[in-house]
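Read through the structure below, which is laid out as structure tokens, and then see the notes.
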2 protein chains.
Amino acid sequence: MQAQRHSKQRDAILENLCSRYDHPTAEDLYFSLKPQIPALSLATVYRNLAQLESDGKIIRIESGTTKRYDGNINLHYHLTCLDCGGVFDIFLNDDCGLCQKAAESFDGKIVSHSVLFTGYCPSCSKQAG
Amino acid sequence: MQAQRHSKQRDAILENLCSRYDHPTAEDLYFSLKPQIPALSLATVYRNLAQLESDGKIIRIESGTTKRYDGNINLHYHLTCLDCGGVFDIFLNDDCGLCQKAAESFDGKIVSHSVLFTGYCPSCSKQAG
DNA sequence: TTCGTTAACGATAATCGTTATCGTTAGCAT
DNA sequence: ATGCTAACGATAACGATTATCGTTAACGAA
């Protein structure tokens, strides 16, 4: 296995992702970084997101058709708004014993977990209900 | 809005899905039903899965690239095996207070939730670890 | 500092799951 | 039986992601 080389593009992608809280798609990041790195290719964004994810530096959110990414790797959950389609963070103090209970009732090995809520975000729930 | 009509295809899809526990993809169901309904079209499978899902009769599992479906609509969670790629059921008695805690700490409205564990299924965890 | 190796890049073609289109079929109310 | 149109089957289109390939640049060794 070869050493991973440093790259401006990967740095920029990670930095951009960690500085925002809207859980962008690969394309969102691409357009966000394009002014800063005009020669950037969308393929490079996908490549680096995959790499950063397998390195455990970012999180992939499986929400609907398009994958979204999160630079916050601390334990937290997400909610997809049925109205605006946005993805929002939900911070709990712990996992509510979910992993322990799951480990007790499942005859396999649990490595990680993710929770995806659906509902209405603060803004949309105030407007309509 | 027009009334939903009955169709053999939809019946067969729902029945097939409810009789199995492997969380098949649309294509899995298509090939499974093809001998029984030779004229079946893959588009029909997709159409009916979407309809059954919006009717609340089945559940869609967002696991990786391909959507999978589950005929069991009772509360339970899933685990994706990192080894074999299969999706397995995890039954807990309740949601461990997840929804309540989330509602308390989130200024929006929560409608539903899903939990996806990753790890190793019983069979794969016995073989390797 | 220069050189050689090759990881990573940019551009773009290919892939693949899913959705849309459209002419035909069949469920069901009249 | 007849008419209306939801649902069908076949297939084209779509969109997100991945693979390919020639070029560029990171970085260890000379």
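All chains are named by letter (A, B, ...) in the order of the sequence lines, taking the proteins before the strands, and each is independently numbered beginning at 1. Worth saying up front: this structure is predicted, and the values here are computed from it rather than measured.
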Parallel, tilted or perpendicular: which one describes the rings of B:His23 and B:His78, with boundaries at 30° and 60°? perpendicular
Just wondering, are more than 12 heavy atoms of other shown residues or ligands nearer than 6.0 Å to CD in B:Gln100?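 No, because the 6.0 Å sphere around CD of B:Gln100 holds 12 heavy atoms or fewer from other groups.
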Take B:Tyr77 and B:His113, measure what ring-ring contact (aromatic ring centres under 6.0 Å, His included) needs, and give me the verdict at the end. CA-CA 10 Å; B:Tyr77 302 133; B:His113 75 292; 5.6 Å; yes
Going by number, which of residues 21-32 of chain A have a non-hydrogen atom under 4.0 Å from DNA chain D?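 Those residues: none at all.
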Residues from residues 59-69 of chain A sitting under 4.0 Å of DNA chain D, heavy atoms only?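 Within this stretch, A:Thr66, A:Lys67 sit under 4.0 Å of the strand.
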One thing to verify: whether B:Arg68 and B:Asp22 come together as a salt bridge, which I'm taking to mean a side-chain N less than 4.0 angstrom from a carboxylate O. no
Tabulate atom names and distances for all N/O pairs under 3.5 angstrom spanning the protein and nucleotides 28-30 of chain D.
none

Over the length of the helix from C:dT1-D:dA30 to C:dT30-D:dA1, how much do the five-pair end axes diverge, rounded to 10 degrees? 40°
Side-chain heavy atoms of B:Leu79 within contact of B:Val87, under 4.5 Å: no
Before you tell me yes or no, could you show the steps for A:Ile13 and A:Asn16 under side-chain contact (heavy atoms from CB on, under 4.5 Å), namely the whole-Å CA-CA distance, both residues' side-chain angles and the distance that decides it to 0.1 Å? CA-CA 5 Å; A:Ile13 289 164; A:Asn16 186 296; 5.9 Å; no
Under 3.5 Å, is there a donor-acceptor pair linking the side chains of A:Thr118 and B:Ser112? yes
In whole angstrom, give the distance that lies between atom OH of B:Tyr46 and atom C1' of D:dT11.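 Computing the B:Tyr46:OH to D:dT11:C1' distance gives 14 Å.
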Do A:Val115 and A:Phe88 land in one hydrophobic cluster if side-chain heavy atoms of ILVMFWY residues count as linked below 4.5 Å?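 As far as the 4.5 Å side-chain criterion goes, A:Phe88 and A:Val115 are connected within one cluster.
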Kindly give the atom pairs (protein nitrogen or oxygen, nucleotide nitrogen or oxygen) under 3.5 Å for nucleotides 7-9 of chain D.
residue: D:dA7; atom: OP1; partner: B:Arg5; partner atom: N; Å: 2.9
residue: D:dC8; atom: OP1; partner: B:Ser7; partner atom: OG; Å: 2.8
residue: D:dC8; atom: OP1; partner: B:Asn48; partner atom: ND2; Å: 3.1
residue: D:dC8; atom: OP2; partner: B:Asn48; partner atom: ND2; Å: 3.3
residue: D:dC8; atom: O3'; partner: B:Gln9; partner atom: NE2; Å: 3.0
residue: D:dG9; atom: OP1; partner: B:Gln9; partner atom: NE2; Å: 3.3
residue: D:dG9; atom: OP1; partner: B:Ala39; partner atom: O; Å: 3.1
residue: D:dG9; atom: OP2; partner: B:Ser41; partner atom: N; Å: 3.3
residue: D:dG9; atom: OP2; partner: B:Thr44; partner atom: OG1; Å: 2.3
residue: D:dG9; atom: O5'; partner: B:Ala39; partner atom: O; Å: 3.4
residue: D:dG9; atom: N7; partner: B:Arg47; partner atom: NH2; Å: 2.9
residue: D:dG9; atom: O6; partner: B:Arg47; partner atom: NH1; Å: 3.4

Sequence neighbours excluded, which residues qualify as side chain to side chain contact (heavy atoms under 4.5 Å, CB included) partners of A:Lys67? A:Arg60, A:Glu62, A:Tyr69, B:Thr65
